[in-house]
Amino acid sequence: MATEVPKNSEGTPKWKNNHSHSNGNLPQNMRRQIISQQRKSLPIASVEKRLLEEVRKHDILIIVGETGSGKTTQLPQFLCNGGFCRDGKVIGITQPRRVAAVTVAKRVAEECDVELGQKVGYSIRFDDTTSASTRIKYLTDGLLLREALLDPLLSRYSVVVVDEAHERTVHTDVLLGLLKDVQKARSLERRKDTNGVTLKEENNVQNRVSLKPCEGSKISPLKLIIMSASLDARGFSEYFGGARAVHIQGRQYPVDILYTHNAEPDYVDAALITIFQIHMSEGPGDILVFLTGQEEIESVEKLIQERVQKLPKTSQTLKVVPIFSSLPSEKQMLVFQTAPPGFQKVILATNIAETSVTIPGIKYVIDPGLVKARSYNHRTGMESLIITPISKAQALQRSGRAGREGPGKCFRLYQESEFAKLADSTTPEIKRCNLSNVILQLKALGVDDIMGFDFMEKPSRTAIANSLEQLLLLGALTDDYKLSDPVGSQMARLPLDPIYSKALIVASEFRCLEEMLIAVSMLSVESMFYTPRDKMQEARDARKCFTSVDGDHLTLVSVYRASAECLEKSRLAGSKEKKAEKTLNKWCRDNFINSRSLKHARDIHSQIRGHVEQMGLHISSCGDDMLQFRRCLAASFFLNAALKQHDGSYRALASSQTVQIHPSSVLFRAKPECIVYNELIRTNHNYIRNITRIDPLWLPELAPQYYASQN
DNA sequence: GAGCACTGC
């Protein structure tokens, strides 16, 4: 299952698709022949009939398929040929990642010899290629969740295949619980249709059944297929009431796993030594090193360059390439270039190389066994980034990266006894994140009893209670914790963090919705600014013209408007869309702005604007009245207010935690008396980011329900 | 004085 990709609409890099790399320029009939041969040689091909029988016999099937089994591309075709697309029904296959949905759909369309968007298509946020004739639909799991808001019984689907379920993203976990419900509801509905009986069932099933989506459409049973990489089939099977699990062989070359004899006190140093050992005494083949973050990668890169100088001239043949998510895409692309003749490529990567990006040519993997992971403290509402040991499943995934094209070697920079101590699998994300959004979605889907919802792994009571409380404070819920109308249902419709959705509603009252639309779009993307270490001053100077003394929100609005102006100018000058985009990209480079992030923000902006218009909110601008906008920010983000203390640190009013302004904020030096912020994250300190200065008197005035009794 | 990875009708 290659998930490697290419420049899609957002400007993420165009990565090579493993499957079709050799078929590109061949005549059509030859290409067809090759594809047909490739399909037949897949491990899954020999079990087509058996699989179809299993799906017919069981409403829920767990498929454990190793890497290279062909399950993602082949199973939907088997199902379609086996009659599961009759009566216009659709087979939906969910993926945790957009790139995967896109590449796999393209490959399957090619295999079926149809145009993408006809029988086979994909649907991801901002990019839907499906049509009325689409029968095999690849989509992100988040998007299927969104679809469920409109069509609670997912009535167009005859089969839903949840792929990569072992990754246990929040979306996957919520989807699993929901699908279980939908399946029950649909069989109930059918029995009602045929016998006229109503059965009492638990879990909101009744609730959802009453929401009949498509009038007159015949409800068919829903088949569920959960696909996962090995290790954890039992968990899924138990969750689905002892569901049948089948195993499909993979096709992966053997990878030698090597451990260190002794514990390594300094994994960075150990990684460096290992890189040079491989370079000097192993055969050719590229090296992939897993590191924890940008800073570490940049320092290791420097250290390698230094040490290479000390090697004999003939051995100075290492080519180092870094890759991490915030790296601009043109730089990310460099990992796909083959090293110059005689050179060995060393890729220094974060977790991005574990699943998201597949780099060809890797023969050696160096794995220090660590990952920087996000965790969330439900009590304080604080996120943190902590370096923690990986799980066994992750270690396996990493080592597998060495065996995609031939036998490989994986150097684990820890002892075998340490491996045994690792957790089997990574803690599911749902246990590690703020649940406000999940809860809002579930409420909108008619699930009122969150504690009673059948999560595969239930979040803690505190986690649920705190998020319910937050939603209550934002006005999304009524006093008895039901979705409020219109605020709650409007918020649920918007694909944003609930606090941002609320900010839009507040802004429409403050007559600055135009500014807020820009602000929340910009706040919803990662790393708008790109600051390479060696050009820090240059980057700072370039951004000066956007800086607002009022804070980061207004600064972001300026950046957005300047970029829009640049695009507009280019269009007015008669540039074609492509040329205009190029001009914008250059503008981004000149201003040290991440063009991928900006594009993303622009996409979000247009999507959200559409929603907001549909809801009938009043879109107007406050013009030059920045006071009005800041008051609106205070009214929206009152839960995140902080006051300066004597020592220049801040006290967050809601939690009484001591926090500091993040150095990336334009207010880092100014340190105003009172501020609101949007992000609280613990790294070396408790940092707050995206900050605007406000007047402390505004808080009791604009959020009296929260601040009246205090002070 | 500093930024794991994904994702959204």
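Reminder, nothing fancy here: chain letters follow the sequence lines and each chain counts from 1.
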May I ask you to say what Arg493(A) touches in the nucleic acid, namely base, sugar-phosphate or nothing, with a heavy-atom cut-off under 4.0 Å? base
From dA2(B), dA5(B), dT7(B), nucleotide with atom closest to Glu429(A) side chain: dA5(B)
Among the nucleotides dT7(B), dG8(B), dA5(B), which one has an atom lying closest to any side-chain atom of Ser356(A)? dA5(B)
Choosing from dG1(B), dC6(B), dT7(B), which nucleotide comes nearest the side chain of His171(A)? dT7(B)
Counting any heavy atom closer than 4.0 Å, what does Thr169(A) reach on the DNA or RNA strands: base, sugar-phosphate only, or nothing? nothing
More 5' along DNA chain B: Pro495(A) or Phe529(A), using each one's nearest nucleotide? Phe529(A)
Per nearest nucleotide of DNA chain B, the residue lying toward the 5' end, Gln607(A) or Ala373(A), is Ala373(A)
Measure from OH on Tyr530(A) to P on dA2(B) and round the result to the nearest Å. 18 Å
Heavy atoms under 4.0 Å, any strand shown: does Arg540(A) hit a base, just sugar-phosphate, or nothing? base
Would you indicate what Ser527(A) reaches in the nucleic acid, counting non-hydrogen atoms under 4.0 angstrom: base, sugar-phosphate, or nothing? nothing
Give one of base, sugar-phosphate or nothing for Leu143(A), where a contact means two heavy atoms less than 4.0 Å apart. sugar-phosphate
Test item: Thr134(A) side-chain N/O and Gly117(A) main-chain N/O as donor-acceptor pair under 3.5 Å: yes
Name the nucleic acid region contacted by Asn437(A), choosing base, sugar-phosphate or nothing; use a 4.0 angstrom heavy-atom cut-off, strictly under. base
Arg669(A) side-chain proximity, nearest of dT7(B), dG1(B), dC6(B): dG1(B)
With a 4.0 Å cut-off on heavy atoms, is Thr683(A) in touch with a base, just the backbone sugar-phosphate, or nothing at all? sugar-phosphate
Classify the nucleic acid contact of Met528(A) as base, sugar-phosphate or nothing, counting any heavy atom under 4.0 Å across all strands shown. nothing
Can you tell me how far P of dC6(B) sits from CZ of Arg432(A), to the nearest Å? 14 Å
Would you say the ring centroid of His166(A) lies under 6.0 angstrom from that of Phe236(A)? no
Six-ring centre of Tyr376(A), Arg432(A) cation under 6.0 angstrom, axis tolerance 45°: no
To the nearest angstrom, the CZ-P distance between Arg168(A) and dA5(B) comes to 22 Å
Which of these nucleotides, dG8(B), dG3(B), dA5(B), is closest to any side-chain atom of Tyr687(A)? dG3(B)
With heavy atoms under 4.0 Å as the rule, sort Glu295(A) into base, sugar-phosphate or nothing. base
Quickly work out the Leu496(A) CG to dG8(B) C1' distance and round it to whole Å. 9 Å
Going by atom types alone, do Asp541(A) and Gln537(A) pair a side-chain donor with an acceptor below 3.5 Å? yes
Using a heavy-atom cut-off of 4.0 Å across all strands, would you classify Ile604(A) as base, sugar-phosphate, or nothing? nothing
When the distance from NE2 of His685(A) to P of dG1(B) is rounded to whole Å, what number comes out? 8 Å
Considering only side-chain heavy atoms of Ser325(A), which listed nucleotide, dA5(B), dG8(B), dG3(B), is closest? dA5(B)
dA5(B) P sits how many Å from Ile387(A) CD1, rounded? 13 Å
Starting at CG of Asn351(A) and ending at P of dC6(B), how long is that distance when rounded to a whole Å? 9 Å
Is it true that the NZ or CZ of Lys544(A) lies under 6.0 Å from the centre of Phe546(A)'s six-membered ring and within 45 degrees of the ring axis? no
Can a donor-acceptor pair be found, under 3.5 Å and without considering hydrogens, that links the side chain of Ser524(A) to the backbone of Val520(A)? yes
We want to know whether Tyr677(A) and His662(A) form a side-chain donor-acceptor pair, criterion being a heavy-atom distance below 3.5 angstrom. no
Lys535(A) NZ to dA2(B) C1', in whole Å, measures 19 Å
Tell me whether the OP1 or OP2 atom of dG8(B) has a side-chain N or O from Arg98(A) closer than 4.0 Å. yes
